[in-house]
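Any value given below was found using the heavy atoms of this structure, including those in side chains, with hydrogens, waters and symmetry copies removed.
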Amino acid sequence: MVKSKYQDVLDLGQTLHMKDGDVKVEDGKLKIWGTAKTQYEKDLLWDAIKKAGGDNPQDIMADIKVTNTSIYARHTVKSGETLGKIAKHYYGDASKYQNIFAANSDILKNPDVIHPDQELIIPNA
């Protein structure tokens with residue numbers, strides 16, 4: 001029962017290719033653990049946990065580590081995106097596009113010019 005309640009979380013973990021992941025039901029609680037590639041992926045998992053179980057779920061215990069804490073995420077540019085749209089997606093604030101531009105100054109020369117398939121570093125806010 002508790003496992004089916006959090007099936008979306010388990011599916012997301014598989015989609016994100018969590019390392020060393022495992023799931024166990026013990027004393028009516030779902031216990032999950034694993035390692036996400038970035039803090040952003042960890043945040044996605046916690047958002048899915050809260051969506052299924054509320055802000056303070058009592059029926060799940062999660063231990064999610066992060067492989068690379070030096071950056072928030074990696075993002076592959078899609079057609080039609082701007083640094084402002086990307087900043088809004090990750091930070092909730094389009095004006096933080098300058099942080100992304102600065103973190104990628106080795107490949108970006110103008111904040112108004114990005115190209116599909118470029119992989120950008122999304123720095124910690």
Compare all side-chain heavy atoms of K109 with those of V113 and state whether any distance is below 4.5 angstrom.
no
Under a 4.0 Å N-O cut-off, is there an ion pair linking E81 with K85?
no
Backbone of N56 reached by a side-chain donor or acceptor of Q58 within 3.5 Å:
yes
For the residue pair I60 and V2, establish whether any side-chain heavy-atom pair is separated by less than 4.5 Å.
no
Heavy atoms from other residues, nucleotides or ligands near NZ of K37 exceed 12 (cutoff 6.0 Å):
yes
Tell me every residue that passes side chain to side chain donor-acceptor pair (under 3.5 Å) with K65, counting only those two or more places apart in sequence or in another chain.
D63
Non-hydrogen side-chain atoms of V9 and L45 separated by less than 4.5 Å
yes
Is the closest side-chain heavy-atom distance between Y97 and T82 below 4.5 Å?
no
Expected list for residues 15-32: side-chain donor-acceptor pairs under 3.5 angstrom, two or more places apart:
unit_1: T15; atom_1: OG1; unit_2: D11; atom_2: O; d: 3.0
unit_1: E26; atom_1: OE1; unit_2: K31; atom_2: NZ; d: 2.7

Output all residues satisfying side chain to side chain donor-acceptor pair (under 3.5 Å) with Y90, sequence neighbours left out; order by chain, then residue number.
H75
Kindly give the heavy-atom pair with the smallest separation between K96 and A87, and that separation in Å.
C-CB, 3.8 Å
Could you work out, with ring pair (Phe, Tyr, Trp, His ring centres under 6.0 Å) as the rule, every residue matching Y72, not counting sequence neighbours?
Y40
Identify the heavy atoms of A103 and D106 that sit nearest to each other, and give their distance.
O-OD1, 4.3 Å
Find out if a path of hydrophobic residues (ILVMFWY) with successive side-chain heavy-atom gaps under 4.5 Å connects I122 to L44.
yes
May I ask you to decide if A36's main-chain N or O and T67's side chain share a donor-acceptor pair within less than 3.5 Å?
yes
Strictly by ring-ring contact (aromatic ring centres under 6.0 Å, His included), give each pair with a member in residues 100-125 just once, sequence neighbours left out.
none
Heavy-atom check, side chain of T38 versus side chain of E41, under 4.5 Å:
yes
Determine, stepwise, if the pair Q14 / L10 fulfils side-chain contact (heavy atoms from CB on, under 4.5 Å).
CA-CA 6 Å; Q14 286 191 328; L10 302 176; over 6 Å; no
Measure the shortest side-chain to side-chain distance between I114 and L83 over non-hydrogen atoms and say whether it is less than 4.5 angstrom.
yes
Measuring only between side-chain heavy atoms, which start at C-beta, is R74 closer than 4.5 Å to L120?
no
Please go through I121's hydrophobic cluster and name the other residues, only I, L, V, M, F, W, Y counting, with side-chain heavy atoms under 4.5 Å joining them.
I71
Can you name the closest pair of heavy atoms from Y6 and P57 and give their distance?
OH-CB, 3.4 Å
Is the closest basic N to carboxylate O distance between D59 and K5 below 4.0 Å?
yes
Grab the two heavy atoms, one from I64 and one from W46, that are nearest each other, plus how far apart they are.
CD1-NE1, 3.9 Å
Rounded at 0.5 Å granularity, tell me how far CD1 in I49 sits from CE in M61.
11.5 Å
In Å, rounded to the nearest 0.5 Å, how long is the span from OG of S95 to NZ of K88?
9.5 Å
In Å and rounded to the nearest 0.5 Å, what is the CD to OG1 distance from Q118 to T76?
10.0 Å
Testing the 3.5 Å rule here: is there a donor-acceptor pair between the side chains of N99 and Y91?
no
So how far is it from K50 NZ to D47 CG, rounded to the nearest 0.5 Å?
6.5 Å
